[in-house]
Asker: 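Got a structure here, written out as structure tokens. Questions coming.
Both counts, for ligands and for their atoms, begin at 1 and track the order of listing. As the structure is a computational prediction, the values presented were derived from the model and not from experiment.
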Amino acid sequence: MTVLVVGGGLSGLSTAMFMALHGAPPLLIERHPTTSVHPKARGQFPHVMEALRVAGVDEQVTAASPPDGEFRIIRAVSLNGPVLQEIMTESPDFSALSQAPWANVSQERMEPILVDRARELGADLRFNTELVSFEQHENGITARLRNLATGEEEETEVDYLVAADGHRSPIREKLGIELIGRGVLGEGTGTLFEADLGHRQVLCYLLNSDLPGGAGVLVSTDVPGRYAVGVSSTDSPKDWVQIIRTATGIPDLEPKVLDLPHGRSQTTHGVAERFSEGRIHLVGDAARLMPPTGAFGGNTAIMDGFHLAWKLAMVTRGEAGPGLLASHDPERRPYSKIIADQQLLLFSQRGRPDLADDPALPKPVQPVSALFFGCRQLGGAIIADPGDPGDLWEDPAQPTGRPGVRAPYVKLRNGSTTDLLGRGFVLLTGYHAYRDIIAKIEVHVLDEPEFFRAYGISPEGATLVRPDFVIAWRSRGFAPEELEKAWRAVLDWQA
Ligand SMILES: Cc1cc2nc3c(=O)[nH]c(=O)nc-3n(C[C@H](O)[C@H](O)[C@H](O)COP(=O)(O)OP(=O)(O)OC[C@H]3O[C@@H](n4cnc5c(N)ncnc54)[C@H](O)[C@@H]3O)c2cc1C
């Protein structure tokens, strides 16, 4: 069985890399000749670094991060002040919840790392190649591809298609899938420039009536001395030097404006009304659009690939029924809605005081660590505990170990629970009798009391964890038959 991934951004490359890791390398096409030449999304959260570690690229990502240093998020009239609000001066400390570090790599540097690893694992990545059209039929999808270097076209038959084709998503559009949300919140344009600003690592939301549109953003990139500036204006400003001087608050600055196409962007809030249509599955910006405030866009795009790839791999390898793929929508869409709403809330607080008093805005998720480690994937390929109240997140500092939540991080005598996860289904238990019940499940027998507490099981119990770290099932006592039933129910899942 074959899978075509359309789009070589973070979500498509992640899907291809993790599928290849799980033994089902797909074909990926990207219409651009190379990966992104703009820094775009920046920063990798610890739970994303955990996933990247499974693929063996975390150390490369850490090495590509700029040297440690202060990273400030401020609201200000200009970079040189006055500062209106210190939003964040350092990343939150999640060391009790994950052993993975934060990283600060831009999309421009991240994508080549994913490309190299996906190819190394056997994925067929073709740049300069566009999806021209597709037709879904009962047994698969007919896709017409065009090589943009030669103009040659070919038709190919695939079993599944992943729409990783970004914010405009021609695939989503053709399928008639609407985005549900507030729609376009603003438009802007921006450029990259180089200047000696003292290597500041900063994200500065600008409120300044001398800027076009009266507002903007200035952000450092991971190349020392290179910055991106954006303004809330739909017209392409002619005098970038003057804008940069206003944005930095340095009237005699002589910046070098880089000769790249000036990006136009829309700030949009909307989640696709469905993430799957038959054999086609949406990931990344094709599935949801949100303001960049909070930096979940790029991170969630990578995690979409992490969560979808094992399912695609097991289905195409004949190890799971096709129904498993229908769990993509009920698992990722509610989560996407939470994340998009929280970024909308931050957007209103940081850059749009006119929205901040809107009573219809969502309430903040507390604690904020829940957004990273505590969201639950319910309604999908998990077997909920009897009587599960169906709450969509929990405080990861008070882990319950309930099905649907990320398997809690617990330090063990040798390593941690996280070290044991990611390559396939894993059973964590205190009971040796669980060994060899299902040959395809890797069993780890643990005896640390912290493990039993965090996972809510007794030493005779067991917890089944999916390859994407999500708890699929648990039993408080010894229940080998239930384990077999649960394992089959997950693999043969039906909507
Ligand atoms: C200027 C800018 C700054 C941003 N800053 C941040 C930030 O600081 N933090 C953050 O979290 N997010 C940020 N984002 C958003 C972030 O970049 C996206 O959320 C993320 O890139 C989504 O990845 P993706 O793979 O879904 O989409 P994309 O990266 O957009 O990739 C989609 C790819 O599909 C390709 N494609 C489309 N149609 C076809 C076709 N028919 N055939 C072949 N290929 C096709 C496109 O060429 C594109 O490369 C920013 C975005 C922009 C534009």
Side-chain angles (χ1 to χ4, degrees), residues 4-17 27-45 48 71 73 104-108 110-111 114-115 125-134 143-148 153 161-174 187-192 202-203 205 217-222 228-231 260-268 272 275 281-305 308 332 336 339-340 342-343 346-347:
L4 172 65
V5 180
V6 180
L10 292 175
S11 62
L13 291 170
S14 162
T15 307
M17 179 180 74
L27 166 64
L28 178 148
I29 57 167
E30 163 57 51
R31 65 153 67 107
H32 286 117
T34 65
T35 50
S36 177
V37 293
H38 281 280
K40 298 209 278 185
R42 184 158 179 218
Q44 290 71 37
F45 300 151
V48 178
F71 184 79
I73 303 182
N104 212 359
V105 178
S106 69
Q107 203 163 326
E108 188 184 10
M110 186 71 213
E111 288 180 358
L114 301 179
V115 166
L125 309 189
R126 298 186 201 162
F127 286 81
N128 254 330
T129 307
E130 182 177 49
L131 177 74
V132 182
S133 61
F134 67 93
R144 175 161 281 276
L145 316 184
R146 182 187 296 141
N147 180 324
L148 296 172
E153 291 196 4
L161 191 114
V162 177
D165 54 346
H167 61 291
R168 287 198 190 89
S169 185
I171 299 176
R172 182 187 67 220
E173 200 158 281
K174 181 173 175 202
E187 289 184 274
T189 181
T191 193
L192 290 172
V202 72
L203 167 57
Y205 295 99
V217 64
L218 191 150
V219 59
S220 53
T221 71
D222 45 13
V229 66
V231 288
L260 284 169
H262 295 155
R264 292 179 65 79
S265 59
Q266 279 185 335
T267 301
T268 307
F275 279 20
H281 303 283
L282 275 53
V283 291
D285 280 7
R288 79 191 76 73
L289 288 171
M290 48 197 170
T293 31
F296 269 92
N299 281 290
T300 310
I302 292 176
M303 293 309 283
D304 278 348
L308 178 62
R332 292 305 280 170
S336 296
I339 296 296
Q342 292 301 303
Q343 296 223 160
L346 283 182
F347 177 70

Asker: Looking at R42, is its backbone amide N or carbonyl O close enough to the side chain of S106 to form a donor-acceptor pair, meaning the two atoms are under 3.5 Å apart?
Answerer: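 Pair absent, no side-chain N/O of S106 close to backbone of R42.
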Asker: Could you tell me which non-hydrogen atom of G294 sits nearest to which non-hydrogen atom of Q343, and how far apart they are?
Answerer: C-OE1, 3.3 Å
Asker: Does ligand 1 have any atom sitting under 4.0 Å from a heavy atom of H32?
Answerer: yes
Asker: Heavy-atom contact under 4.0 Å between S265 and ligand 1?
Answerer: no
Asker: Counting heavy atoms only, which of R31, H38, Q343, R288 is nearest atom 40 (C) of ligand 1?
Answerer: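 Ranked by closest heavy atom to atom 40 (C) of ligand 1, first place is R31.
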Asker: Has the side chain of E111 got a donor or acceptor atom that lies under 3.5 Å from a matching backbone atom of L13?
Answerer: no
Asker: Determine, considering heavy atoms only, which of R146, Q107, M290, Q266 sits nearest to atom 21 (O) of ligand 1.
Answerer: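 Nearest option to atom 21 (O) of ligand 1, by heavy atoms: Q107.
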Asker: Shortest non-hydrogen contact from L28 to G7?
Answerer: CD1-O, 3.6 Å
Asker: Just go through V6, D165, T15 and tell me whose heavy atom is the nearest to atom 37 (C) of ligand 1.
Answerer: D165
Asker: Kindly confirm or rule out an N or O of G297 lying under 3.5 angstrom from an N or O of ligand 1.
Answerer: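 Right, the criterion is met.
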Asker: Got a sec: does the CZ of R144 have more than 12 other heavy atoms crowding it under 6.0 Å?
Answerer: yes
Asker: Going by the closest heavy atom to atom 15 (C) of ligand 1, which one wins out of D285, T293, T267?
Answerer: D285
Asker: Out of G9, S133, P170, whose heavy atom is nearest to atom 31 (O) of ligand 1?
Answerer: G9
Asker: Which is closest to atom 24 (P) of ligand 1 in terms of heavy atoms, G284, S11, P39?
Answerer: S11
Asker: Under 4.0 Å from a heavy atom of T129: give me the atoms of ligand 1 that qualify, with their elements.
Answerer: 43 (C)
Asker: Any idea which atoms of ligand 1 are less than 4.0 Å away from a heavy-atom of F296?
Answerer: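 Counting from 1, the qualifying ligand atoms are 11 (O).
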Asker: Please tell me whether D304 and S11 have a donor and an acceptor in their side chains that are separated by less than 3.5 angstrom.
Answerer: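 The answer is no; no qualifying pair exists.
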Asker: How does A164 reach ligand 1, if at all, at less than 4.0 Å between non-hydrogen atoms: by side chain, backbone, both, or neither?
Answerer: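 Answer for A164: backbone.
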Asker: Please confirm whether the backbone N or O of F127 pairs with a side-chain atom of T129, one donor and one acceptor, at under 3.5 Å?
Answerer: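 Confirmed, T129 side chain pairs with F127 backbone.
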Asker: Which atoms form the tightest heavy-atom contact between P39 and T221, and what is the distance?
Answerer: CG-CG2, 3.7 Å
